[in-house]
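Shown next, in structure tokens, is the structure this report addresses.
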There are 2 protein chains.
Amino acid sequence: MIVASEEAARELLEVVPVIMKDIRSEMRTRRSPDLTVPQFRTLAFVDRNEGASLSAVANHMGLTLPSTSKLVDGLIARGMLTREDNVADRRRVKLGVTNHGLVILETSRRGTLNYLADKIASLSADDREVVVKAMNAMRSVFISSIQTQAPGK
Amino acid sequence: MIVASEEAARELLEVVPVIMKDIRSEMRTRRSPDLTVPQFRTLAFVDRNEGASLSAVANHMGLTLPSTSKLVDGLIARGMLTREDNVADRRRVKLGVTNHGLVILETSRRGTLNYLADKIASLSADDREVVVKAMNAMRSVFISSIQTQAPGK
DNA sequence: TATTGTTATACTCTATAACTATA
DNA sequence: TATAGTTATAGAGTATAACAATA
């Protein structure tokens, strides 16, 4: 089977929004209504990059600084993130996940993973393998390799 | 390679939001800033199902009726959709795409497809095939087979 | 009474413009 | 002057609650 880029692009444009809609609905309304997708991704990023700056989060999320600032505001207001001054460069902030934030993050992740795994269980082992391979290929195309600044500087 | 549902679910939860973010950004800011993703999907659905009711659109999109009503309002205000009474059942409406809507839809689709195809072109032929197969598997899992009501009744 | 749709209200997501503080 | 971040403002996406019209 010869697959043109155009054909793969059509498939992505048709199917990806539907998967995304499903993930978003699951996060919003079912087992784990605590986090929206951007909130979940922000929390997960700060968890993996303790002390990250706002710019680092904005870069990872592909959002502007004002959008990211507001997103972070909400998570701080709900006690899931902390924001401190960075003494080495006082223009910057250092973000951190609270214990409460960690609990919410893990609960949300578990609920969503269970939901997705349950759906995927209906596929053949071959199809599951194809999905994993496709996601790895997509990762190389869509996830930029830009890394977080080291928290210190 | 044996792939557990859990592993495939983790991959989906990590990668799909990033692809979606990219598609959304492309639609919003680059070649085709005319339609958001939900607007695009609504227009495409009504194009394929001329005379569809609001409920049919809501069902397809996985949205509530009020949300769908507002979404459609916006497209009507911008001259891309029409809304008429359904004489056979006056509670219902019949939606249609205008010529202007068709032009915008096609322009947006072409721009986004070109953008995606360009990115995908960096993959090997094997990887492109894997992507298409994965999307077909996902379609069976995530796209419900519920069909539109016939426009007449 | 059930179905189809709209209006009112509210919150999140996201952007641009204008600003402050620090380097 | 350039960088990091916030505040103000605004539009889109989405939901629930309350309602009107029709079946």
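Being a predicted model, the structure only gives us computed values, none of them experimental. Proteins get letters first, then strands, A, B, ... in listed order; numbering begins at 1 in each.
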Taking the side chain as every heavy atom from C-beta outward, state whether Leu123(B) and Met138(A) have any atom pair closer than 4.5 Å. yes

Note: Ala58(B) and Thr68(B) closest approach over all heavy atoms is CB-OG1, 3.2 Å

Any residue of residues 66-75 of chain B with a heavy atom less than 4.0 Å from an atom of DNA chain C: Pro66(B), Ser69(B), Lys70(B)

Looking at Arg90(A), does any N or O in its side chain come under 4.0 Å of the phosphate oxygens OP1/OP2 on dG5(D)? no

Is there side-chain contact between Arg41(B) and Val37(B), with heavy atoms separated by less than 4.5 Å? yes

Is any NZ, NE, NH1 or NH2 atom of the basic residue among Arg78(B) and Asp34(B) found under 4.0 Å from an Asp or Glu carboxylate oxygen of the other? no

Could you give the CE-to-C1' distance, from Met27(B) to dA12(D), as a whole number of Å? 15 Å

Verdict with supporting geometry, Leu12(A) and Met135(B), side-chain contact (heavy atoms from CB on, under 4.5 Å): CA-CA 7 Å; Leu12(A) 282 177; Met135(B) 289 304 111; 3.9 Å; yes

Would you say the base of dT4(C) and the side-chain of Arg92(B) have a donor-acceptor pair closer than 3.5 Å? no

Hey, is the side chain of Arg91(B) pairing donor to acceptor with the base of dT3(C) inside 3.5 Å? yes

Please classify the nucleic acid contact of Thr64(A) as base, sugar-phosphate, or nothing, using heavy-atom distances under 4.0 Å. base

Before you tell me yes or no, could you show the steps for Glu7(A) and Val131(B) under side-chain contact (heavy atoms from CB on, under 4.5 Å), namely the whole-Å CA-CA distance, both residues' side-chain angles and the distance that decides it to 0.1 Å? CA-CA 10 Å; Glu7(A) 180 186 352; Val131(B) 168; over 6 Å; no

From the set dT12(C), dT14(D), dG13(D), return the single nucleotide nearest to any side-chain atom of Thr36(A). dT12(C)

Whole Å only: how far is the CG atom of Leu63(A) from the C1' atom of dA12(D)? 15 Å

If you check every side-chain atom of Asp89(A), which of dT14(D), dT6(D), dA23(C) has the closest atom? dA23(C)

What contact category does Leu65(B) fall into here, base, sugar-phosphate, or nothing, at under 4.0 angstrom with non-hydrogen atoms? base

